[in-house]
2 protein chains.
Amino acid sequence: MALSTVAPKAFIQHQNLVEQVADYLTQAIIQQHFLPGERLSEVQLSKDLGVSRAPVREAARLLESRGLLISKPRRGFFVRALNAVEFEDVFDLRLCLERHAIERLAERYSVEAQRALEQQVEVLCEAALGNDETRRIEEDLQFHRLMLHYAGNERLLKAFDGLTHELRLCIALITKTHDAPDTIATSHFKLLEALASGSPAACREAIDYHIGVARKFVVRGVGEPGEPGS
Amino acid sequence: MALSTVAPKAFIQHQNLVEQVADYLTQAIIQQHFLPGERLSEVQLSKDLGVSRAPVREAARLLESRGLLISKPRRGFFVRALNAVEFEDVFDLRLCLERHAIERLAERYSVEAQRALEQQVEVLCEAALGNDETRRIEEDLQFHRLMLHYAGNERLLKAFDGLTHELRLCIALITKTHDAPDTIATSHFKLLEALASGSPAACREAIDYHIGVARKFVVRGVGEPGEPGS
DNA sequence: CGACTGCCGACTGTCGACAGTTTTATAAAC
DNA sequence: GTTTATAAAACTGTCGACAGTCGGCAGTCG
């Protein structure tokens, strides 16, 4: 046993360049430092970040698989531009996944799951009162990730995670979502109630309503369909 | 660039090395030339294929995002090993996606879609009569891809495609699926009937049955849960 | 006989460079 | 002034190399 249990390996920063570059790019895209459709120069990026092109390329491929970038052969990588139709598709897929998840969850709703979700709603409500919009979004997503997790199918969660990157993009693209702390709270409480009731129909109704609201906010902020992202 | 001598290098034609390497690896994994859990040496691969390590690494990252490989930092890439639980999860997610798709499709079932699906079933039946198991699987998947496509949400199709890689892995892992050309035919005809009826409930029932049958065949071929793939 | 230490080979992470291609800038012709 | 042809610049795809790290093995000590 080389390492004692006291000092976890996380103490050593072993994050490789690829992940760091990927994180940087993700943040930059979400914060719109790179505009949708813009081309990213590998050379420029490697100069800016002080690394060689290899990790930049690998990071770009990673973001491509996450739907944030698109690669065109011999042309380079471009920031994904989503149009209205694609927004709809993202939310439709999200609906698909969460419907399935909440029904699965209703079948196996444990005390542990209930506690975790209730606690997360509290955290979310607290976040909604503050000014940090980013944190509110993250806590919101985290609630849904928890729901997917306790549904018992890790692949479902993985698929959702693949979508969250684009969801953040959707949310980031519209100027200001809205803000109504109590709306957020009640919307999530309804989900908890439906789960507690154990009725699949109620769960489905609750999640349909919940996502429908979110969708409306986002779609409202999007213009007409433009250049397709892919 | 030394493109010399012998056998395996013939796999590579110089146009897009990354994709070619990815295709080669995919085939090799599905055909079990690399066993589940086995580690892949970047150096060895680049020697065998006659390319440098850069495209091998990028291809490996691609396959990682498709769930065929797993990367462990400083250790390299390993062939994904799926256990019984993960098989279940894959099929559960597939069910989720296809239920949603077939209901969406039922709402907007065009003549064009109907023709395309009917034609594909014919192709599939023809393939089922032959000896080429691989082709039968591909035609089967293609039918489902068409269904997802005509459902009108390209992201749904994309999610499914992300799953097909693992599905092929599932199917490849079990020795011989079965074989019953008429079973395959009728199973798909039922889907067409349900779609033609326009009843969402019938569609759901049909797809549940359809995927349930496929799942049973696969799960039967899988042993107890072993080493988790992730 | 078992456990620890230091060395060795193998391999990954990263880098800089070259070649071919695409894009842009420039010049000539209409 | 516009269009076509040509040259230069910029960039991607790919390669080979180097350094740091990991796992295993032999030697040493208890």
Side-chain angles (χ1 to χ4, degrees), chain A residues 1-5 7-25 28 34-35 37-65 68-80 227 230, chain B residues 1-5 8-25 28 34-35 37-65 68-80 227:
Chain A
M1 188 75 65
L3 275 178
S4 82
T5 51
K9 59 183 176 183
F11 189 77
I12 304 293
Q13 279 287 349
H14 235 315
Q15 204 180 20
N16 49 12
L17 286 188
V18 175
E19 298 205 8
Q20 291 184 53
V21 174
D23 287 347
Y24 167 79
L25 285 178
F34 300 122
L35 299 174
E38 185 177 345
R39 178 162 134 268
L40 300 184
S41 161
E42 296 176 4
V43 175
Q44 192 59 46
L45 279 173
S46 40
K47 278 181 187 170
D48 291 348
L49 298 175
V51 301
S52 80
R53 279 174 50 218
V56 171
R57 284 176 62 87
E58 294 193 21
R61 288 216 172 263
L62 192 61
L63 292 225
E64 185 189 10
S65 76
L68 294 183
L69 294 180
I70 295 177
S71 89
K72 300 183 182 178
R74 299 262 170 209
R75 298 286 315 282
F77 290 92
F78 297 77
V79 178
R80 177 77 174 281
E227 160 86 354
S230 47
Chain B
M1 169 169 325
L3 209 163
S4 59
T5 56
K9 298 187 180 181
F11 263 93
I12 303 300
Q13 302 167 352
H14 282 274
Q15 41 180 10
N16 191 340
L17 286 189
V18 174
E19 300 218 356
Q20 291 183 58
V21 173
D23 286 348
Y24 168 79
L25 284 179
F34 300 122
L35 299 175
E38 185 175 344
R39 176 163 138 268
L40 300 185
S41 162
E42 297 175 5
V43 175
Q44 192 59 47
L45 278 174
S46 40
K47 278 182 188 170
D48 291 347
L49 299 175
V51 301
S52 81
R53 280 175 51 221
V56 171
R57 283 176 63 88
E58 294 192 20
R61 285 212 175 267
L62 193 62
L63 292 227
E64 185 189 11
S65 76
L68 294 183
L69 294 180
I70 296 176
S71 89
K72 300 184 182 177
R74 301 261 170 211
R75 297 290 315 283
F77 290 92
F78 297 77
V79 177
R80 177 78 173 281
E227 163 87 353

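Throughout, a chain's letter reflects where its sequence line sits, starting with A, and its residues are numbered from 1.
Residues meeting the side chain to side chain contact (heavy atoms under 4.5 Å, CB included) test with A/Glu19, sequence neighbours left out: A/Gln15, A/Asn16. Looking at residues two or more places apart in sequence or on another chain, you find a side chain to side chain contact (heavy atoms under 4.5 Å, CB included) between A/Leu68 and A/Thr26, A/Ile29, A/Leu63, A/His165, A/Leu169. With sequence neighbours left out, the side chain to side chain contact (heavy atoms under 4.5 Å, CB included) criterion links A/Arg75 to A/Lys72, A/Phe78. Contacts of B/Glu64 classified as salt bridge (charged side-chain N to carboxylate O under 4.0 Å, His left out), with partners at least two apart in sequence or in another chain: B/Arg61. Listed by chain and residue number, A/Asp48 satisfy the side-chain hydrogen bond (donor to acceptor under 3.5 Å, both in side chains) test with A/Gln44 (two or more places apart in sequence, or in another chain).
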What string of B, S and - do you get for nucleotides 6-17 of chain C, 5' to 3', when a contact is any protein heavy atom under 4.0 Å?
-> -----SBBBB-B
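Overall, the helix from C/dC1-D/dG30 to C/dC30-D/dG1 carries an axis bend of 20° between its ends, with five pairs at each end and the value rounded to 10°.
Rounding to the nearest 0.5 Å places CG of B/Leu62 at 10.0 Å from CG of B/Leu25. Atom CZ of A/Arg39 sits about 13.0 Å away from atom CG of A/Leu69, to the nearest 0.5 Å.
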